[in-house]
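Let me begin by presenting the structure, written as structure tokens, before commenting on it.
Protein chains get the first letters and strands the later ones, always in sequence-line order, with residue 1 at the start of each.
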Protein chains: 2
Amino acid sequence: MKKQALEKQRSYGGVRASQREEGRRLKLLDAGLGAFGTVGYARSSIKGICGLAGLTERYFYESFGSKEELLLAVYGGVVEDLLARARERLSQPFVSPSDLLTGVLGIYFRAMREDPRKARLLYFEVLGVSPAVDRAYQDATRLLGGIVTEAVLAAFPVLDRRFFSESIVPVGLTGAVTLMAINWILEGFRTPLEDILSQVAFLAGLVESFAGKSSPPHEARP
Amino acid sequence: MKKQALEKQRSYGGVRASQREEGRRLKLLDAGLGAFGTVGYARSSIKGICGLAGLTERYFYESFGSKEELLLAVYGGVVEDLLARARERLSQPFVSPSDLLTGVLGIYFRAMREDPRKARLLYFEVLGVSPAVDRAYQDATRLLGGIVTEAVLAAFPVLDRRFFSESIVPVGLTGAVTLMAINWILEGFRTPLEDILSQVAFLAGLVESFAGKSSPPHEARP
DNA sequence: GTATTTTGACATTTTCTCTTGTCAAAATCA
DNA sequence: TGATTTTGACAAGAGAAAATGTCAAAATAC
């Protein structure tokens, strides 16, 4: 029989129960990334994930209620990490518009190449799983688009923020970057990163020309 | 006992066996679109699809070996239809670049709105199902990108075909169109179609300015 | 009208995964 | 050392869906 439910945080092996639990949770998150990012979400089983984590099923349900819950946690972590790194670069000084844009997007493309599991997860495994996951994807895309928008605004201070944010151009740019990433993943990252970034710089040139244009078509408010 | 395996094409009820089979196949394709495009691929069962088609499981396996095979057939049909319609518009006369581009892409966006099941299938349900389906998606994206490229080349004959095709701009444009479509689906098609198309026309303006630029960065050959 | 083909309803078998539970070995504490 | 906690291996029931099979009713041919 259990001693006391309230006697919870006693140390065992020098580690508190909550810390051990957190450690197992982290193992499961990593195993989830490994499974989802290689075998794919649909073909990953909880048992298999636990095997990757070196844990048994019991510990899965200790931290997550379902495979979908794990997916949301893994996905959220990957997105957060990406955004944090991009935002950090965004706050650094830069010498030219193209320097900033290739810097920020370089963070992004580099992260894909360094961990293709994340790339697969971001673009192939999250859509169509469930409405909740679709929503998470939508939010993440909005945030990524926000970063692109911020980078462009920082690179070209002459742009009117309100004017630019409501144009179709940020969506277009985000879509362009996304499809470039998808193509890069599918071709196995054969194109050198520098080529990708010089293409980004080229797109930036187009945006620059946009800066001097007349009013863009309005976008309906949601 | 069967009479003769060779006596195959005898008419029954005024319809040949192969025609009835084809009819069932078509029913299943439509039911598959209905299921995959609403409930989603993962949560669709073969039994449920057969129920939608008004047929029993036996007839499913008469035409398809698995749910995945049905998905590939449905997806292929939707893509073919879209491409055929876009190509047809592409072959029609046009009065201005923007006329052609909004015409071709209007076909595309209109098809999405008219049948949101197709929209969901195209962008949410096919990724991450299996390597074979991923490949089909990749091919379809390439074909869509080809249409966009052709439309731009037809709209701006001044562009050098080889020069333009190998630039990042077609990929960027395709990505832009794709993300516009995804956003439109997710917001429930609230933005009027005319607004979408005027944004397309605006992007066309950017491409026009690209036409007078210097050489774009090279793209690595696969 | 009778025989044959086609079809629908449903049963069955199999397989897979989730989810919970049991139990003993290992680790740790006191 | 002896008691307790933690952990790993694995069993087992529940549930769902795939894939095949059975059988009789309905439709059609002759």
Checklist outcome for this item: The side chain to side chain donor-acceptor pair (under 3.5 Å) partners of A/R25 (sequence neighbours excluded) come to none
Next on the checklist: Go through it in stages, so that I can follow the logic: the residues are A/F64 and A/L29, the test is side chain to side chain contact (heavy atoms under 4.5 Å, CB included), and I'd like the CA-CA distance, side-chain angles, deciding distance and then a yes or no.
Outcome noted: CA-CA 10 Å; A/F64 304 98; A/L29 285 172; 3.8 Å; yes
For residues 77-84 of chain B, which side-chain donor-acceptor pairs fall under 3.5 Å, sequence neighbours excluded?
| from | atom 1 | to | atom 2 | distance (Å) |
| --- | --- | --- | --- | --- |
| B/D81 | OD2 | B/R85 | NE | 3.4 |
| B/D81 | OD2 | B/R85 | NH2 | 3.1 |

Below 3.5 Å between N/O atoms, which protein atoms pair up with nucleotides 10-15 of chain D? Just atom names and distances, please.
none

Next on the checklist: In the structure I gave you, are the side-chain heavy atoms of B/L100 and B/V152 within less than 4.5 Å of one another anywhere?
Outcome noted: no
Item to check | Interatomic distance where CZ belongs to A/F64 and P belongs to C/dC18 [whole Å] | outcome: 15 Å
Next on the checklist: Measure CD/B/E68 against P/D/dA19 and give the value in whole Å, please.
Outcome noted: 11 Å
Checklist entry - How many Å lie between CZ on B/F60 and C1' on C/dA9, as a whole number? => result 19 Å
Checklist entry - Near DNA chain D, which residues from residues 128-135 of chain A have a heavy atom under 4.0 Å away? => result none
Item to check | Whole angstrom value for the distance that separates C1' of C/dT20 from CD of A/E62 | outcome: 15 Å
Checklist entry - Given C/dT19, D/dA17, D/dG8, which nucleotide is nearest the side-chain atoms of A/I46? => result C/dT19
Item to check | Atom-pair distance (CD on B/E69; C1' on D/dA18), nearest Å | outcome: 14 Å
Checklist entry - Can you list every pair that meets salt bridge (charged side-chain N to carboxylate O under 4.0 Å, His left out) and has a residue in residues 59-72 of chain B, with sequence neighbours left out? => result B/R24-B/E62
Checklist entry - Is there any side chain to side chain donor-acceptor pair (under 3.5 Å) pair reaching into residues 39-54 of chain A, and which pairs are they, with sequence neighbours excluded? => result none
Checklist entry - Do A/E22 and A/S18 have side-chain N/O donor and acceptor atoms under 3.5 Å apart? => result no
Checklist entry - What is the distance from atom CD1 of A/I168 to atom CG of B/L179, rounded to the nearest 0.5 Å? => result 8.5 Å
Checklist entry - Under 4.0 Å between a side-chain N/O of A/R24 and OP1 or OP2 of D/dT6, yes or no? => result no
Checklist outcome for this item: Rounded to whole Å, the NZ-C1' distance (A/K27 to D/dG8) equals 12 Å
Checklist entry - Can you check the B/K67 NZ to D/dA19 P distance for me, whole Å? => result 10 Å
Next on the checklist: Could you tell me how far apart B/L55 (CG) and C/dC10 (P) are, to the nearest whole angstrom?
Outcome noted: 16 Å
Next on the checklist: Any base atoms under 4.0 Å from B/Y59, or only sugar-phosphate, or nothing? Heavy atoms, all strands.
Outcome noted: base
Item to check | Electrostatic pair A/R142:A/D139 at N-O distance under 4.0 angstrom | outcome: yes
